Amino acid sequence: MMNKPYNLLILLFVFFRAPLVGETPEGELVITLDEAWGRMNQYSLELESLRTARDQAIRQMVAPDQWIPSVSAGASLNRSSPLISGIISSGDSGREEADYWSVRGSLDMQLRIAPGLSISEELEVVNARIAELKLLEGESSLRYDLTVLYHEILAGERNISFQKENIHLAEERLNQTQEQFEKGLISDLELLSAQIAAARDLPGLQKEIADQEKRYITFSRYIGLDGSHSIVLSQEDDSLISLPSLNELIASQPFGPDIEILENQLRIAELTLELTEKGMNNPAFGMSFGWGTSVNPAFQRESWTNEEWSDSLGLGLSLSLPLDGHIKGSSDQLKLKALEEDLQLARLNLEAAKRLRIDEIRNLYLDLEMSRSNIAVDELNVSLLEQSLKKTELSYENGKSSLSDLEDSRQEWKEAVLTLEEERLNLKLLEIEIISLIH
C-alpha cells in the first residue's frame, strides 16, 4: 500500500505538468521571427509616434518661402473735441470750435534681408534626417528586444522539455522503488530517498513554466495579440552567426543610427551658430502706405465742401541696422557664446559616443570568445557526467551503489546540461547584440 508522501508526490506531479502556453491546438498561431516583427512593426505605438514625428519634419521642409514679407493692415476712426480753447471760446460765437473727426487706414510691409536662407533650408533637411534616423533607431531597438525574447522563449521550451523528461525518468525510478519496497526488498529510508529525488526538480520546473508564461504574455503584447491566442514559435536556425573579425569591424566604422543622429546634431549646432551670426547683422527694409480723411464739424452735410473736407496719402520707406551684436556683453553676444559652447559639447558628445561604441564592441567580442570557450568546456563536462551517470546506473542496478549515489550523479548531469543550454543562449544573445549595434 502506498504511503502518504508518495500520494502527495503524485498530486504535485500532476499539478506541475499542466499544459504550457502554446500547447493547445485550438486557435494555435505558429509564427516565425520575421512574421512577428511584421506584426510588431504594424501595431507598435512607439513606432507610430516616431513615424508621425518624421512626417512632421518632412512637411516642414516644404514650408512657405521665407522671402514673403511681413504684412500688416490697420484702420482707425477718431473724434477729437476742443478742451481749453473750447472753454475760452464758449461765450464767443465767432470763435466757437466744433468736433473734429478723422478716418484713417494703413498698410505696412517689412522684409528682413536673410543671407542665411540656404542655411535655414539645410537645417530643415537635417532635422528631417534626424527624425528618420530616430525611427530607424526605434525599429532597431524594438527588433532587438523582440529577437532576444524570441530566442529566450525557444530556450525556455527546450529547458522545460528537458526538465519534464528528467522528472519522468525520476518518476519511473520511483515506481520501481515502490515495487521493491512493497516486496520488502528495500527499507523505508530508501523509498523516502526516492520520493525526495523525484520531487526535488518539481519547484524548478514550475518556476520555469511561470517564467515562460510571462515571456509569452510579453511576446503577445509585442505583436498586438491578447491572451486568448495560443502561440507557437517556429524554430530558428541555431547555427552561429557569421561575424567579421574585430579588427575588420572596427576599421569599417560600425556606427548605427544613434551615432548618425549625434553627427547630424553636431551639424545642426554648426548651422545654428552660422545662421545666428548672419542674422545679427541682417538689415530690415520697411514700407508703409497710409490714407486718411477728416471732417469738421462732425459729419454734417454742409461741411462736405472743399473748404471743410480734406484727406491725405502717406508713403514711407525705412531701413534698420542691428547693432546689438557688436556691443560687448550684449544679449546677442551672450547668445553667440552659448551657441559656441553648445557646438563644442556636440563635438565632445559625438567623439565620446564613438569611443564608447568601439569599447562596447571590444567587450562584446571578449565576452563572445569567453562564451565559446565556456561552451566547449561545458560540452566536455556534460559528456563526462553522462558517462559517469551511466556507470552509476549500472552500478546501482548491480547493487554496488546506493540510490543516493545515483541521484547525486543524475543531479550533477542535469545541472551541467542546463548550464550548457544557458551558455548557448548567452552566446546567441551576444551575437544578436553585436548585429544590433552595427546595423
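It should be emphasised that the depicted structure is a prediction, and the values quoted were computed from it without experimental measurement. Values below: every heavy atom of this structure, side chains too, minus hydrogens, waters and symmetry copies.
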- Side-chain contact test, heavy atoms from C-beta onward, threshold under 4.5 Å: evaluate it for L437 versus L364 and give yes or no. yes

- Item | Flag if over 12 foreign heavy atoms under 6.0 Å of CD, E379 | yes

- Message: Using side-chain heavy atoms (C-beta onward) and a distance below 4.5 Å, is L142 in contact with L47?
- Response: yes

- Message: Main chain of I268, side chain of T272: is a donor-acceptor contact present, judged purely on distance under 3.5 Å?
- Response: yes

- Message: Under a 3.5 Å cutoff, is there a donor and acceptor pairing between the side chains of Q411 and E407?
- Response: yes

- Nearest atoms (heavy-atom pairs only) where A36 meets F219: CB-CZ, 3.6 Å

- Query: Are the side chains of I223 and Q42 in touch, meaning some heavy atoms are under 4.5 Å apart?
  - Reply: no

- Item | Main-chain N/O of I432 paired to S436 side chain as donor or acceptor, under 3.5 Å | no

- Message: Could you check whether any side-chain N or O of Q212 sits under 3.5 Å from a backbone N or O of I153, counting only pairs where one atom can act as donor and the other as acceptor?
- Response: yes

- Message: Applying the side-chain hydrogen bond (donor to acceptor under 3.5 Å, both in side chains) criterion to E351, which one of R347, K354, R355 satisfies it?
- Response: R355

- Message: Quick one, E48 and Y43 - any side-chain contact, counting heavy atoms below 4.5 Å?
- Response: no

- Message: Closer than 3.5 angstrom, by distance alone: can the side chain of S140 be matched with the main-chain N or O of L136 as a donor-acceptor pair?
- Response: no

- Task: Measure from the side-chain N and O atoms of T419 to the backbone N and O of E415, and report whether any donor-acceptor pair falls under 3.5 Å.
- Result: yes

- Side chain of N363, backbone of D359: donor and acceptor closer than 3.5 Å? yes

- Considering the options E152, R158, E157, which one meets the side chain to side chain contact (heavy atoms under 4.5 Å, CB included) requirement together with L154? R158

- Ignoring hydrogens and geometry, is there a side-chain-to-backbone donor-acceptor pair from N398 to L394 under 3.5 Å? yes

- Carefully, step by step, assess D34 and R39 under the rule salt bridge (charged side-chain N to carboxylate O under 4.0 Å, His left out). CA-CA 9 Å; D34 288 338; R39 292 185 61 90; over 6 Å; no

- Give a yes or no answer on whether the side chain of Y144 reaches the backbone of E139 with a donor-acceptor pair at less than 3.5 Å. no

- Check for a donor-acceptor pair, side chain of S373 on one end and backbone N or O of E369 on the other, with a separation under 3.5 Å. yes

- Is the closest side-chain donor-acceptor distance between S395 and S401 under 3.5 Å? yes

- Task: May I ask you to check whether N166 and Q163 show a side-chain donor-acceptor distance below 3.5 Å?
- Result: no

- Query: Looking at side-chain heavy atoms only, is the closest gap between I358 and R362 below 4.5 Å?
  - Reply: yes

- Answer yes or no: is there a donor N or O on one side and an acceptor on the other, between the side chain of N381 and the main chain of V377, under 3.5 Å? no

